[in-house]
Amino acid sequence: MRIGNGILPPEVLGDVFNNSLPDTPKVFSRKRLIELCLVCKDWRDAAHSDGRLWSGINLEFTSQTQVFSYRKVLAWLDRSRGRPKRLAVVAAGRTINCAETSLCSASNPALAQFLLQVPALDHLHLEFRTSRCFKNLCSSMKSLSEGHELAPRSLDSSSFPVNSLSLKVAYFTHDDRTNPKHIFNSLPGVSALQLNFPATNTGRSTAIFLPPIASLFSPSILQPITNLSIGCNWPFRDIAVLLNSCVNIEELAVDLRGFEDGVNLLPRKQVSLPKVRVLRLRGIIPLSLKSLDFLKLRAVSEFDVQFGHRGMILQILEIYHTESWEKFLWRHAETLRILRIEDLKVPEEHLLSMIPTKLPMLEELHLNRVYFNADIFDYWTPTLPSEVEGSMWFPRLKTLEVLHLHPEFDARKVLTFLRTRRSHHEESTTKEEQGVVRGVFRSPPDSMQRLVLTYERWVSQRMGKIQEYSGEILELSAVLRRAGILVNMGPKYVGR
């Protein structure tokens, strides 16, 4: 593409195209990429030379007889050359009766032919209407490879070439509940596994069949997994049955989707996961925090929690809701380095429980849509800074992110807290730069490196109107910047 007398480099065009398209293109975005290639020769050459644009694709099947040119998809992936490849297969036909192979969209012969020849994948996402669809697809691959004398390959074989697998099932059938055999006897030999199972209550009149949890997977499938993600609103008691076989997990993510665990829905004994270092919880509501008491973890370095449904702010009302949380942080205080909290309104009486100060190894604190009283920073701010007290709270803290704050939140208290962490802070007695007296830090240096503050944009008649920061706040932020801290404060919008 020419600009004046110069030419926009193909690498720049490739970055522009990548930012405008999703990672795993669907039908609509695939057409957009083809349209970009038809603009001119320069654009086509730039797109063809950027392997990122062709490294992923999303395939959707609605019937067993759907026309599908697998050769074109193979040619698409070939253009990615040596880049890691991502594939998403969605076989979500309208029928739930997938026991009849001829009615199951996953039995499409062209899909089986494609999977027999697909190159090695970095990630594979499989989405089925029922659990039976997975078996139908594996049967189609096996029968096709036998009939055409192709190299044997199936999704229920550990030799299928893929590094990570995502499996989503919309429904379990009555046969899944009554058949004592494992629903998934075998899976590709992956180290990262993502599971999404149907909800126990969808609000529909149709019956929801939930099979015995122990019959879902063979223990031999779960034992090699090091990265496991589970999404379902099942009781934690049932999830714990799966976790008992996952002895090698290093990173665990559980999305309860707002399910509220009762006392009788918790496991009877602790689940031992000694290798877990990263724990992510999603869809947590107050009473579900009791599940932390039943996770026996040795040394957690990253703890990431999102409360309720995304964007829905919850409030901790009772002190017994926070007891399990406080005990969990206390047990891992010597190893916890990253703490993220999202979508929570914290009453003043529970502030010190939800955001405790005695975390000596904490390096990153991220608060996103967490509404709380800024006075807590006054409590953390030492009244008499000294070499010891200057950073007594979070002594190793490097990054502090407080995102989507209430418009009335006082940023001055955050900045004051960070300024007083720096021991021996003094005002310069010499006049510099046209007589302006600057605040400077002496020694020793502080661990703090990055501060990010952003405010919520409230929907109101004055939405979009920006409120200026006070001179005191601007001067405090300037002092921190001169001390080597990267300070990023977003626009402060006027409240309701």
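Treat the numbers as computed from the prediction; the structure is a model and nothing was measured.
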Enclosure of Arg298 CZ (heavy-atom neighbours >12, cutoff 6.0 Å) |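 Not buried by this count: 12 neighbours or fewer within 6.0 Å.
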With a 3.5 Å distance limit and no angle check, can you tell me whether [X] reaches the backbone of [Y] through a side-chain donor-acceptor pair?
X      : Y      : answer
Ser55  : Arg52  : yes
Thr335 : Val300 : yes
Gln270 : Asp293 : yes
Thr399 : Glu364 : no

Specify the closest pair of heavy atoms between [X] and [Y], including all atoms of both residues, with the distance to one decimal.
X      : Y      : value
Pro360 : Pro395 : O-CG, 3.6 Å
Phe184 : Ser131 : CZ-CB, 4.4 Å
Pro198 : Asn233 : O-OD1, 4.4 Å

Taking the six-membered ring for Trp, is the centroid-to-centroid distance between Phe294 and Phe236 below 6.0 Å?
->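 That pair fails the under 6.0 Å test.
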Can you spot which of Arg337, Arg277, Arg280 makes a salt bridge (Lys or Arg N to Asp or Glu O under 4.0 Å) with Glu302?
->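 It is Arg280, the one option of Arg337, Arg277, Arg280 that forms the salt bridge (Lys or Arg N to Asp or Glu O under 4.0 Å) with Glu302.
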Show me the donor-acceptor pairs within less than 3.5 Å that the side chains of residues 239-250 make with the rest of the protein, sequence neighbours left out.
| from | atom 1 | to | atom 2 | distance (Å) |
| --- | --- | --- | --- | --- |
| Asn244 | ND2 | Ala240 | O | 3.2 |
| Asn248 | OD1 | Lys275 | NZ | 2.9 |
| Asn248 | ND2 | Gln223 | O | 2.7 |

Between Glu342 and Arg282, is a salt bridge (charged side-chain N to carboxylate O under 4.0 Å, His left out) present by the stated rule, with each step listed?
-> CA-CA 9 Å; Glu342 186 175 348; Arg282 296 288 182 268; 5.1 Å; no
Lys398: salt bridge (charged side-chain N to carboxylate O under 4.0 Å, His left out) partners, not counting sequence neighbours |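 Scan of Lys398 (salt bridge (charged side-chain N to carboxylate O under 4.0 Å, His left out), adjacent residues dropped) gives none.
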Hey, what's the ring geometry for Phe417 with Phe377, parallel, tilted or perpendicular (30° and 60° as the breaks)?
->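 The rings of Phe417 and Phe377 sit tilted, inter-plane angle from 30° to 60°.
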Can you label the angle between the Phe307 ring and the Trp325 ring as parallel, tilted or perpendicular, going by 30° and 60°?
->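 It falls in the tilted class, 30° to 60°.
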Applying ring-ring contact (aromatic ring centres under 6.0 Å, His included), name anything that partners [X], two or more places apart in sequence or on another chain.
X      : value
Phe128 : none
His123 : none
Phe409 : Phe372
Phe17  : Trp43

Carefully, step by step, assess Asp255 and Asn196 under the rule side chain to side chain contact (heavy atoms under 4.5 Å, CB included).
-> CA-CA 9 Å; Asp255 187 352; Asn196 283 278; over 6 Å; no
Can Glu363 and Arg450 be counted as an ion pair, charged N to O under 4.0 angstrom?
->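 No, this pair does not count.
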